[in-house]
Amino acid sequence: MKAMLVDENKNLVWSDVENPKIKPDEVLVKIKAAALNRADLLQRQGKYPSPEGCPAWMGLEIAGEIVEVGNEVTSWKIGDKVCALLGGGGYAQYVAVKYDMLMPVPKGLSMEEASALPEAYATSYLNLFIEGNLEAGQTAFIPAGASGLASVAIPMAKAFGARVITSVLSDDIAEKIKPLGADVVINSAKEDVAQILEKEEINGTPVNVSMDCLSGETLGKSLPYMARGGYWIVISTLAGVQTNIQLRPLLTKGLHLVGSMLRNRTPEFKAYIIKELVEKVWPKIESGEIKPSIYKVLPMEKAEEAHAILERGENIGKVVLSIE
């Protein structure tokens, strides 16, 4: 089969590799589409290798069709249309997947749309509802509103009854993300995020949960204005790895500052998240309450171009690679 490897010059090369061999508790999926994540860019740079036992090439979420089933698998059959959360290996024609990492393609979705669900939806659900304990009527702060992850997290939080604040870098981007439904959009190029969150607190709508992929200085400045008992979940540090935190508000408000990564969770915990997604989120997707946001679909042979879109930060929604 073919898979997208990284050569010594960090170029992407569609190369011949050995076909996967499934274990008794796995299925073989013929991949139709694979969605991109910023982790793919880090992995390409050699900074985010696949976990032990996973294929070395990139790809954390895919959609496709089951073509082989292990003899211990009873919940899936050949021909089932599925999407899957992977530790790696999605940039390929086939992948072996443990049965409990699979989800049915929601009714009405294309393979390209379904491929954009597993990683982004699992990450959003984990950090908003499991780590952050977000409830209907509360306020969530989800910065970087134009990111592929925010394009999932904002509609998900709204669908479960939360009020959402996000941030972007320009008025033009603010206009483009209007369909996501955020209640407040901060233009951080001309507005101070912490000052806006302070006003929100004064107005009685402080942030209960933040799913923060930026971090940096803004984190420390904003933390004091959270709701009592609030959760600030750090999922990445794209805006900087250092911040100054006032400890007094952390103490007096009983705030929670939490670091969270989906990738280092146990297989059992990931299976729990997947089960939760199918039970609680998939019905909202099938009803149209939550809609996958796809920026562009490109053939796998144009993976370099797809990566460049993420590197430039031009996408509003997910970038997907299709595989013939």
Side-chain angles (χ1 to χ4, degrees), residues 1-4 14 19-20 22 26-40 50 54-55 57-69 73 75-125 148-149 151-152 155-156 262 270-271 273-279 281-286 288 290-303 306 309-310 315 317-324:
M1 75 167 189
K2 295 279 190 182
M4 191 63 74
W14 195 229
N19 291 340
I22 65 170
E26 294 180 334
V27 307
L28 185 65
V29 177
K30 183 177 182 180
I31 300 173
K32 299 292 186 181
L36 273 64
N37 292 274
R38 286 202 167 271
D40 301 349
S50 295
C54 295
W57 45 92
M58 296 163 287
L60 301 175
E61 51 187 347
I62 58 97
E65 182 177 335
I66 295 176
V67 294
E68 187 180 348
V69 177
V73 178
S75 50
W76 302 99
K77 64 182 185 302
I78 291 173
D80 282 347
K81 305 294 191 297
V82 295
C83 50
L85 180 65
L86 309 175
Y91 288 24
Q93 291 177 314
Y94 294 90
V95 66
V97 186
K98 191 167 180 285
Y99 74 95
D100 56 5
M101 293 293 107
L102 296 164
M103 294 168 280
V105 171
K107 296 173 184 176
L109 262 58
S110 67
M111 285 292 186
E112 289 78 15
E113 290 172 322
S115 74
L117 302 181
E119 174 76 13
Y121 279 64
T123 297
S124 297
Y125 189 86
L149 187 57
S151 73
V152 169
M156 184 184 291
L262 177 64
K270 288 180 180 178
I273 297 171
I274 284 172
K275 184 173 180 290
E276 288 279 295
L277 285 178
V278 174
E279 290 180 359
V281 178
W282 261 221
K284 293 184 180 293
I285 294 173
E286 293 180 345
I290 302 175
K291 296 181 180 179
S293 178
I294 305 296
Y295 176 72
K296 185 172 285 188
V297 178
L298 295 166
M300 178 60 75
E301 291 77 8
K302 293 189 176 181
I309 291 171
L310 263 66
N315 55 303
K318 298 284 284 187
V319 178
V320 174
L321 295 170
S322 63
I323 303 170
E324 296 295 330

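Atoms considered below: every heavy atom in the structure, side chains included; atoms not considered: hydrogens, waters and symmetry mates.
Taking CD of Glu68 as the start and OH of Tyr94 as the end, the distance is 10.5 Å to the nearest 0.5 Å. One distance of note links CG of Asp40 with CG of Leu321; it measures 8.5 Å at 0.5 Å rounding. Atom CG of Asn315 is separated from atom NZ of Lys296 by 10.0 Å, given to the nearest 0.5 angstrom. Separating the CG atom in Leu277 from the CG atom in Leu117 is a distance of 8.5 Å, to the nearest 0.5 Å. Taken from NZ in Lys302 to CD1 in Ile309, the straight-line distance is 10.0 Å, to the nearest 0.5 Å. Rounding to the nearest 0.5 angstrom, the gap separating the CD1 atom in Ile294 from the OG atom in Ser110 is 7.0 Å.
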Full working for side-chain contact (heavy atoms from CB on, under 4.5 Å) between Ile323 and Ile62: CA-CA 10 Å; Ile323 303 170; Ile62 58 97; over 6 Å; no
Derivation of the side-chain contact (heavy atoms from CB on, under 4.5 Å) call for Met101 and Ile274: CA-CA 7 Å; Met101 293 293 107; Ile274 284 172; 3.8 Å; yes
Evaluate Lys270 against Leu85 for side-chain contact (heavy atoms from CB on, under 4.5 Å), listing each step before the verdict. CA-CA 9 Å; Lys270 288 180 180 178; Leu85 180 65; 4.3 Å; yes
When you look at Thr123 and Asn37, which way does the side-chain contact (heavy atoms from CB on, under 4.5 Å) test go after all the steps? CA-CA 11 Å; Thr123 297; Asn37 292 274; over 6 Å; no
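Side-chain contact between Pro104 and Trp282 is present, with heavy atoms from C-beta onward closer than 4.5 Å. Counting heavy atoms from C-beta on, the side chains of Val95 and Pro20 never come closer than 4.5 Å.
Taking each heavy atom of Cys54 and Ser50 in turn, the nearest pair found is CB-CB, 4.1 Å. Between Ala3 and Ala92, the shortest heavy-atom distance links the atoms CB-CB, 3.8 Å. Nearest heavy-atom pair across Ser124 and Val152 is OG-CG1, 3.7 Å. Closest approach of Ala33 and Val320 over heavy atoms only: CB-CG1, 3.9 Å. Taking every heavy atom of both residues into account, Val297 and Ser322 meet most closely at CG1-CB, 4.1 Å. For the residue pair Ala34 and Gly90, the shortest heavy atom distance occurs at CB-O, 3.5 Å.
Between the side chain of Trp76 and the backbone N or O of Val82 there is no donor-acceptor pair closer than 3.5 Å. Under the 3.5 Å distance criterion, the side-chain polar atoms of Lys318 are matched with a main-chain donor or acceptor of Leu36. A side-chain donor-acceptor contact under 3.5 Å links Ser115 to the backbone of Glu112. A donor-acceptor pair under 3.5 Å is absent between the side-chain atoms of Trp14 and the main chain of Met4, judged by distance alone.
Residues that satisfy the ring pair (Phe, Tyr, Trp, His ring centres under 6.0 Å) test with Tyr125, not counting sequence neighbours, are Phe129. Remark: Glu113 engages no residue in a salt bridge (charged side-chain N to carboxylate O under 4.0 Å, His left out) (not counting sequence neighbours).
For Tyr99, the OH atom is loosely surrounded, since the number of other residues' heavy atoms within 6.0 Å does not exceed 12. Residue Lys2 qualifies as enclosed at atom NZ: its count of foreign heavy atoms under 6.0 Å is above 12. By the 6.0 Å contact criterion, NZ on Lys30 is open, its count of non-hydrogen atoms from other residues, nucleotides or ligands being 12 or less. No more than 12 heavy-atom neighbours from other residues, nucleotides or ligands sit within 6.0 angstrom of CD on Glu324.
Screening Val73, Asp80, Leu28, Val97 against Ile66 for a side-chain contact (heavy atoms from CB on, under 4.5 Å) leaves a single residue, Asp80.
Under 4.0 Å is where a charged nitrogen must lie from a carboxylate oxygen, and between Lys81 and Glu65 at least one such pair does.
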